[in-house]
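Data block below; observations after.
Since the model is a prediction, treat every value here as computed from it, not as a measurement.
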Amino acid sequence: NEFIGGLYNEFIEQRTPLQLMKTLMANYILEGIYFYSGFMFFYNLGRGGKMPGSVQEIRYINRDENTHLWLFRSMIAELRKEEPQLFTPKMLEEGVAQEIQWGCYVIGDDVPGLTREMVTDYIRYLGNLRWSGLGFGTLYEGYDEEPQSMKWVNQYSNANMVKTDFFEAKSTAYAKSAAIVDDL
């Protein structure tokens, strides 16, 4: 969090194109790289049939993060058209390294169904996915496709892959709706 928070603070102090790019990239990293070790932990529980309600809530959060990711990707693409010299892979590489370190620390090799290697492979794949999503090449050779050992993550992280009966489907909004009473 210090990495991302520090970039926000720098933008408050220096409102330059470079600092704007760093802030947009910070959000892109936050929404597209960070959190994924946590998501994969819950999705791993889901594939084992455990905590389905929590898994569903994480799916909603993941879906929202993806919406934010697409927004920041669009903003970055526009800034890149105006200021292409500002962009290097350094920030994204740092975000990937931090998420790998965090995921390996939290998950380690003690969670059935997950290993440090799986975390590392998946986060590097996400790094490539995010970098190429901005129109750049590959950051990590050999990680251009979702790792075979992590193919199951997509069935949880992709909100469009769940099929439900229309009459049994539940609302996917966080807030409950309420009727407005007009007392005029």
Does CD belonging to Q85 count more than 12 external heavy atoms closer than 6.0 Å?
yes
Mark yes when over 12 heavy atoms from residues, nucleotides or ligands other than K151 sit less than 6.0 Å from its NZ; otherwise mark no.
yes
Measure across [X] and [Y] and return the closest heavy-atom pair with its distance rounded to 0.1 Å.
X: I33; Y: Y36; answer: O-CD1, 3.3 Å
X: P89; Y: L139; answer: CB-CD2, 3.2 Å
X: I29; Y: F3; answer: CD1-CE2, 4.2 Å
X: M150; Y: Y122; answer: CB-CD1, 3.7 Å
X: E146; Y: Y125; answer: N-CE1, 3.1 Å
X: V119; Y: S37; answer: CG1-OG, 3.8 Å

In terms of hydrophobic clustering (I, L, V, M, F, W, Y; side-chain heavy atoms under 4.5 Å; direct or indirect links), are W70 and Y60 co-clustered?
no
Do L20 and Y8 land in one hydrophobic cluster if side-chain heavy atoms of ILVMFWY residues count as linked below 4.5 Å?
yes
For Y43, give me all partners under ring-ring contact (aromatic ring centres under 6.0 Å, His included), at least two apart in sequence or on another chain.
Y156
Kindly state each residue pair satisfying salt bridge (charged side-chain N to carboxylate O under 4.0 Å, His left out) with at least one member in residues 116-140, sequence neighbours excluded.
D109-R116
List in chain and number order the residues that pass side-chain hydrogen bond (donor to acceptor under 3.5 Å, both in side chains) with [X], two or more places apart in sequence or in another chain; answer none if no residue qualifies.
X: E94; value: Q98
X: E10; value: Q19
X: Y105; value: none
X: T23; value: none

Testing the 3.5 Å rule here: is there a donor-acceptor pair between the side chains of E99 and Q101?
no
Please check if the side chain of [X] supplies one atom and the backbone of [Y] the other of a donor-acceptor pair under 3.5 Å.
X: N27; Y: F72; result: no
X: T115; Y: M118; result: yes
X: R80; Y: L134; result: yes

T120 versus C104: any side-chain heavy-atom pair under 4.5 Å?
yes
So do the side chains of L7 and M25 get within less than 4.5 Å of each other, counting heavy atoms only?
no
ring-ring contact (aromatic ring centres under 6.0 Å, His included) partner of W131, chosen from F136, Y143, Y28
F136
